[in-house]
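Notes to accompany the following structure.
Here is the naming used below: chain letters follow the sequence lines, and residue numbers restart at 1 for every chain. Note that the structure is a prediction, hence the values are computed from the model and not measured.
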Protein chains: 2
Amino acid sequence: MNAPTSAEGGPIESTPVGDVTARVAGREIPEATVARLPVYLRALHAMLEHGTVTCSSEELAVAAGVNSAKLRKDLSYLGSYGTRGVGYDVDYLRYQIAREIGVTQDWAVIIVGIGNLGHALANYSGFRTRGFRVVALLDADPALHGRQVAGLPVRPFDDLETVVRDSGVAIGVIATPALAAQDVADRMVAAGVTSILNFAPSVLSVPAGVDVRKVDLSIELQILAYHEQRKGPQPADDAASRLAGEAS
Amino acid sequence: MNAPTSAEGGPIESTPVGDVTARVAGREIPEATVARLPVYLRALHAMLEHGTVTCSSEELAVAAGVNSAKLRKDLSYLGSYGTRGVGYDVDYLRYQIAREIGVTQDWAVIIVGIGNLGHALANYSGFRTRGFRVVALLDADPALHGRQVAGLPVRPFDDLETVVRDSGVAIGVIATPALAAQDVADRMVAAGVTSILNFAPSVLSVPAGVDVRKVDLSIELQILAYHEQRKGPQPADDAASRLAGEAS
DNA sequence: CTCATTTTGTTCTCACGTTCACAAACTCCT
DNA sequence: AGGAGTTTGTGAACGTGAGAACAAAATGAG
Ligand SMILES: NC(=O)c1ccc[n+]([C@@H]2O[C@H](COP(=O)([O-])OP(=O)(O)OC[C@H]3O[C@@H](n4cnc5c(N)ncnc54)[C@H](O)[C@@H]3O)[C@@H](O)[C@H]2O)c1
Ligand SMILES: NC(=O)c1ccc[n+]([C@@H]2O[C@H](COP(=O)([O-])OP(=O)(O)OC[C@H]3O[C@@H](n4cnc5c(N)ncnc54)[C@H](O)[C@@H]3O)[C@@H](O)[C@H]2O)c1
């Protein structure tokens with residue numbers, strides 16, 4: 001099996017699909033392209049560290065794991081930053097993509113729910129290096145309050161409004177149990193958060209104007225399981241089917 | 001903004017796109033549908049626990065956060081399990097979807113890289129309740145070997161081949177640093193793993209026949225940042241624009 | 001039994017995304 | 001300077017996915 005890797009997680013939730021054509025014109029980037037820009041950005045970053053100054057669409061496409069025609073079309077939405085017969089200036093293109101995405105400056109992020117996953121997220125160094133800065137960790141459990149995690153104190157969930165107001169947080173991460181996720185989202189939205197990344201396995205409902213993306217481990221595994229099942233009737237699960245005389 | 005939530009992470013990596021029409025016929029489920037089936041499954045599970053015996057496509061669609069026409073079309077790929085004028089039997093439909101996905105029996109899963117994220121994943125209860133069973137935790141760091149995490153001992157990475165052979169593992173989870181991810185993937189594939197869930201921010205290259213899905217936090221955040229930036233020029237980042245003297 | 005009502009399963013249409021293919025534009029060599 | 005060789009940017013063809021609309025099937029009332 002080999003299909004085009006698209007970031008996919010899938011599109012943004014909500015969006016009345018109304019004004020698809022109603023934009024300013026020329027400045028509208030397809031959602032599928034937006035999802036791939038971060039991948040290109042990462043590949044360019046790696047090239048820079050490797051000392052590469054110039055690259056062709058083919059090279060970058062390979063590094064990003066996509067078709068080169070698709071890459072060129074994606075980049076064409078940003079403008080004409082390449083040179084025919086030569087390729088792209090790595091650092092220049094990197095800057096242009098970063099500017100388009102909006103990660104030339106840091107975004108303040110808060111994490112709500114400092115359990116197993118919240119701890120890992122708080123300690124994740126990839127935040128800082130990619131244009132995001134964790135400014136607060138919130139949890140409803142009083143036993144956690146004041147404890148330092150990744151250099152930040154865990155604060156009461158009721159500090160939410162204060163933190164959002166004082167730090168101008170626009171992006172909130174939900175890492176609470178599923179049952180609490182909708183409540184947390186409601187509070188976030190009311191406090192002014194307009195983008196949410198949800199790790200809890202629940203469908204969030206938010207007003208228009210608020211973006212929600214979800215990361216769902218179970219769904220990913222189940223999709224893999226579906227394809228695995230189709231590859232061949234080797235459930236590969238219980239040792240019985242194998243022990244009975246077969247080496248995968 | 002409010003668009004249809006699709007699990008998204010995006011399709012499966014690789015797949016020569018060759019045999020799209022070359023299947024047995026009638027039994028081919030679109031990738032977009034496959035990605036939504038787990039969402040329906042979860043909604044049905046919640047309904048069951050709530051005591052709901054029957055539901056209409058409209059009710060289930062709301063619970064799953066999708067359009068009801070889309071839901072019906074998705075379910076029609078599995079067969080005709082509903083009753084016109086009545087709706088769907090919740091438990092029966094749940095079983096049919098689970099069977100189609102292949103989660104009526106447990107799948108053995110291994111996790112490689114027991115750091116911050118690996119710990120969280122190992123402790124994640126959602127594995128077991130959704131048809132997956134973590135059978136081994138592997139890490140290259142000798143200091144971790146033998147330590148118990150979530151009731152399982154961390155084993156040397158070199159145990160990989162043994163574990164895969166003995167447990168019939170088909171699904172591997174990569175939670176190592178990006179630099180090690182490709183090596184780990186290669187070893188997994190060589191050992192017989194045919195489905196990989198990759199949390200490291202790197203593009204994996206695997207032979208045809210092996211499915212790779214990636215979960216990339218940075219990409220999700222950057223997609224949110226892109227839309228956030230478009231909402232209005234309020235970077236909301238540095239407190240400078242707001243105050244120049246504020247409690248983080 | 002007949003008819004109104006409900007809700008599924010499917011068809012049709014449109015929009016979106018991917019890929020091919022090629023002209024335009026640039027470099028380098030002679 | 002001119003021509004061969006490269007590589008971008010994009011027009012057009014194709015395939016997939018979403019949503020509206022409706023016919024078919026089931027229930028229940030009269
Ligand atoms: N652990 C994983 O690897 C993993 C993977 C995928 C998804 N998830 C999901 O992420 C979420 C968190 O998982 P976890 O393993 O960290 O769970 P956890 O129980 O370890 O942590 C949850 C934390 O949220 C806090 N919390 C509960 N209600 C709250 C509220 N209303 N407001 C603020 N904080 C609240 C709790 O005090 C706790 O600290 C769950 O929904 C889980 O399904 C976890
Ligand atoms: N922590 C997070 O919340 C988070 C979020 C998203 C993505 N990620 C990604 O997940 C990966 C792991 O993150 P982390 O924070 O857990 O890192 P970590 O450094 O805490 O853990 C990495 C673990 O992998 C082990 N390891 C290294 N090389 C190995 C190899 N060749 N074979 C086997 N094991 C090996 C290390 O010993 C270590 O225990 C990273 O790629 C990170 O970018 C992490």
How close or far is atom [atom2] of [N] from atom [atom1] of [X], stated in whole angstroms?
X	N	atom1	atom2	value
B:Leu75	C:dT7	CG	P	16 Å
A:Glu58	D:dT8	CD	P	9 Å
A:Leu60	D:dT8	CG	P	10 Å
A:Leu71	C:dG17	CG	P	17 Å
B:Asp89	C:dT8	CG	C1'	15 Å
A:Arg36	C:dT19	CZ	C1'	12 Å

Does [N] have its OP1 or OP2 closer than 4.0 Å to a side-chain nitrogen or oxygen of [X]?
X	N	answer
A:Thr83	C:dC26	no
A:Tyr88	D:dT6	no
A:Asn67	C:dC20	yes
A:Ser57	D:dT8	yes
B:Tyr77	D:dT16	no

*asked:* At less than 3.5 Å, do the side-chain atoms of A:Lys73 and the base atoms of C:dT19 form a donor-acceptor pair?
replied: yes
*Any donor-acceptor pair under 3.5 Å between the side chain of B:Arg84 and the base of C:dT8?*
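Yes.
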Among [options], find the nucleotide with the atom closest to the side chain of [X].
X	options	result
A:Val86	C:dT27, D:dT7, D:dT10	C:dT27
A:Arg72	D:dG9, D:dA12, C:dG9	D:dG9
A:Ala32	D:dG9, D:dA26, C:dT18	C:dT18
A:Pro30	D:dT8, D:dG9, C:dG17	C:dG17
A:Glu31	D:dA18, C:dG9, C:dG17	C:dG17
A:Lys70	C:dT19, D:dA18, D:dA26	C:dT19

*Is there a donor-acceptor contact under 3.5 Å linking the side chains of B:Asp211 and B:Ser195?*
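Side-chain D/A pair, B:Asp211 to B:Ser195: absent.
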_Could you tell me if B:Gln182 and B:Ser205 have a donor-acceptor pair between their side chains, going purely by distance under 3.5 Å?_
no
*asked:* Can you confirm whether A:Thr52 sits close enough to A:Glu59 that some side-chain heavy atom of one is under 4.5 Å from a side-chain heavy atom of the other?
replied: no
*Starting from the 5' end of DNA chain D, give me the residue, A:Gly79 or B:Asp74, whose nearest nucleotide shows up first.*
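Closer to the 5' end of DNA chain D: A:Gly79.
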*Cationic N near anionic O, under 4.0 Å, B:Arg72 to B:Glu58*: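 Salt bridge: no.
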*Of all the heavy-atom pairs spanning A:Val193 and A:Ala170, show the shortest one and how long it is.*
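For A:Val193 and A:Ala170, the tightest heavy-atom pair comes out as CG1-O, 3.4 Å.
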